[in-house]
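Positions are given from 1 along the sequence. We use all heavy atoms of the structure for the numbers below, so side chains are in, but hydrogens, waters and symmetry mates are not.
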Amino acid sequence: MTEAILLVGGKGTRLRPLTVHTPKPMVPAAGVPFLTHQLARARAAGVEHIVLATSYLAEVFEPYFGDGSALGLHLEYVTEEEPLGTGGAIRNVASRLHSAPDDPVLIFNGDILTGLDIAALVGTHRTSGADVSLHLTRVEDPRAFGLVPTDGTGRVTAFLEKPQTPEEIVTDQINAGAYVFNRSVIDTIPAGRPVSVERETFPGLLADGAHLQGMVDSTYWLDLGTPQAFVRGSADLVLGRAPSPAVPGRCGDRLILETAEVATDAKLTGGTVAGPRSVIGAGAEIDGSAVLDGAVIEPGARIRDSLIGAGAHIGARTVLDGAVIGDGARIGADNELRDGIRIWCDADIPAGSVRFSSDQ
């Protein structure tokens with residue numbers, strides 16, 4: 001298999017303020033835009049041609065990745081004029097595919113960090129003779145997800161909405177957001193209107209007797225839809241818990257980009273990233289966090305499980321725990337912000353004005 005569709009059109013609303021100026025797949029994770037990890041893993045699995053289905057801030061992608069040759073790929077970009085949903089986005093880029101009707105096309109979402117064995121999913125698709133194959137993963141609490149039960153051979157038997165009662169939890173298998181479609185199936189998706197593969201395409205195919213195959217892969221999987229999950233995913237990439245050939249350095253307790261300035265006595269742990277041109281002052285302690293491009297952390301600050309946006313400034317001795325600081329925000333000295341608080345881009349919080357806050 002040599003080509004794929006990558007869905008990168010979402011607005012990333014749950015990730016704001018990280019996505020105010022940057023589309024979700026371009027937010028840095030482990031030192032590079034998250035999309036870089038996905039592209040690199042696809043290339044390592046033998047994919048050569050990828051069509052990016054873009055929409056929100058579509059103009060950002062091509063200037064960064066170009067034609068993809070630096071990654072050993074051929075990249076093309078198709079922009080939706082109006083949001084078309086997952087199915088509509090897939091159909092909208094179909095004209096850029098080169099595959100024959102029976103050839104497999106890999107499709108994956110731009111906000112899932114996974115250790116999926118891509119080649120195994122394609123192999124399952126080929127050997128089972130499926131029309132569509134889905135990557136499934138098991139979760140401890142499936143109530144927030146749609147369920148995908150399968151029979152003894154792995155064939156999908158139903159698509160169930162989020163369960164509301166214990167009796168409705170008939171499986172712990174959920175749709176993990178990566179698929180293999182026969183090229184001919186893509187052409188059956190209605191063109192020019194919004195379509196959801198989860199709510200329309202897959203149930204419709206099943207009702208028509210199509211063969212949908214599930215492959216359960218229980219390697220690393222994380223939906224990066226929230227700031228807390230994004231920070232966790234970045235740290236796991238640095239720590240080596242999530243696999244990627246695109247991490248710009250050795251996996252370990254911290255990742256310091258070449259142009260970052262980190263004081264010799266600053267303590268960076270738990271998969272922390274010091275992004276390019278960032279400055280981290282003396283005695284600062286940063287655990288499991290991401291400090292993005294050009295951010296400044298003043299001496300004595302203590303930061304845990306947080307994301308510091310590009311160009312943000314964190315004052316001396318300020319404490320951040322589970323916080324998200326937008327691009328260009330300034331947090332004065334001696335503040336304390338915890339429990340999921342989000343500070344908007346370019347906000348200015350004076351020294352000593354906040355001791356504790358939350359988005360609850």
Side-chain angles (χ1 to χ4, degrees), residues 1-10 23-26 32-55 58 61-62 64-80 84-126 130-137 175-189 195 197-198 201-202 212-213 215 217 219 221 224 243-246:
M1 183 200 61
T2 60
E3 62 182 349
I5 298 170
L6 184 49
L7 304 174
V8 293
K24 178 167 51 177
M26 296 298 288
V32 296
F34 174 66
L35 180 55
T36 308
H37 300 289
Q38 293 186 305
L39 294 173
R41 293 198 72 248
R43 183 66 189 92
V47 177
E48 298 171 356
H49 177 220
I50 299 181
V51 184
L52 276 66
T54 68
S55 179
F61 295 94
E62 189 167 4
Y64 188 92
F65 291 106
D67 64 3
S69 56
L71 293 170
L73 289 164
H74 173 213
L75 297 182
E76 294 189 67
Y77 307 83
V78 177
T79 301
E80 301 168 25
L84 295 172
T86 48
I90 292 167
R91 183 66 177 85
N92 192 51
V93 307
S95 63
R96 302 295 185 92
L97 299 173
H98 310 310
S99 300
D102 292 334
D103 287 342
V105 178
L106 175 70
I107 299 168
F108 50 115
N109 286 303
D111 56 1
I112 301 295
L113 176 58
T114 176
L116 168 68
D117 186 337
I118 296 171
L121 180 62
V122 177
T124 294
H125 182 79
R126 292 185 185 277
D131 298 296
V132 177
S133 295
L134 297 83
H135 170 210
L136 307 179
T137 192
N175 177 357
Y179 321 111
V180 179
F181 276 61
N182 282 349
R183 172 69 175 82
S184 57
V185 174
I186 294 174
D187 292 330
T188 68
I189 299 173
V195 179
V197 291
E198 299 87 355
T201 304
F202 291 156
L212 278 69
Q213 187 74 17
M215 187 192 85
D217 184 303
T219 54
W221 184 86
L224 301 184
S244 170

For this session: Please check if the distance between the ring centroids of Tyr179 and Phe202 is under 6.0 Å.
Result: yes
Please tabulate, for the side chains in residues 100-124, all donor-acceptor contacts under 3.5 angstrom to protein atoms that are two or more places apart in sequence or on a different chain.
{"unit_1": "Asp103", "atom_1": "OD2", "unit_2": "Ala100", "atom_2": "N", "d": "2.8"}
{"unit_1": "Asn109", "atom_1": "ND2", "unit_2": "Gly177", "atom_2": "O", "d": "3.1"}
{"unit_1": "Asp111", "atom_1": "OD2", "unit_2": "Lys24", "atom_2": "NZ", "d": "3.0"}
{"unit_1": "Thr114", "atom_1": "OG1", "unit_2": "Leu116", "atom_2": "N", "d": "2.9"}
{"unit_1": "Thr114", "atom_1": "OG1", "unit_2": "Tyr220", "atom_2": "O", "d": "3.2"}
{"unit_1": "Asp117", "atom_1": "OD1", "unit_2": "Ala119", "atom_2": "N", "d": "3.3"}
{"unit_1": "Asp117", "atom_1": "OD1", "unit_2": "Ala120", "atom_2": "N", "d": "3.0"}
{"unit_1": "Thr124", "atom_1": "OG1", "unit_2": "Ala120", "atom_2": "O", "d": "3.0"}

Exercise. If only atom types and distance count, is the side chain of Tyr77 paired as donor or acceptor with the main-chain N or O of Gly66 below 3.5 Å?
Worked result: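 Such a contact is found between Tyr77 side chain and Gly66 backbone.
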Check: [Y] and [X] side chains under 4.5 Å, non-hydrogen atoms:
X      : Y      : answer
Tyr64  : Met26  : yes
Val51  : Leu75  : no
Glu80  : Thr54  : no
Leu134 : Gln213 : no
Phe181 : Ser133 : no

For this session: Tell me yes or no: between the side chains of Glu3 and His74, is some donor less than 3.5 Å from an acceptor?
Result: no
Exercise. Distance only, no hydrogens: is a donor on one side chain within 3.5 Å (strictly under) of an acceptor on the other, for Asp67 and Ser69?
Worked result: yes
In a table with atom names and distances, give each donor-acceptor pair under 3.5 Å that connects a side chain of residues 84-94 to protein atoms at least two apart or in another chain.
{"unit_1": "Thr86", "atom_1": "OG1", "unit_2": "Val197", "atom_2": "N", "d": "3.0"}
{"unit_1": "Thr86", "atom_1": "OG1", "unit_2": "Glu198", "atom_2": "OE1", "d": "3.2"}
{"unit_1": "Arg91", "atom_1": "NE", "unit_2": "Ile189", "atom_2": "O", "d": "3.0"}

Exercise. OG of Ser99 to CD1 of Ile186: how many Å apart, nearest 0.5 Å?
Worked result: 7.5 Å
Exercise. In Å and rounded to the nearest 0.5 Å, what is the CG to NE2 distance from Asp131 to His125?
Worked result: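 So the gap between those two atoms works out to 7.5 Å.
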Exercise. Would Ser184 and Asn182 count as a side chain to side chain donor-acceptor pair (under 3.5 Å) if you check the C-alpha gap in whole Å, the side-chain angles of each, and the deciding distance to 0.1 Å?
Worked result: CA-CA 5 Å; Ser184 57; Asn182 282 349; 5.0 Å; no
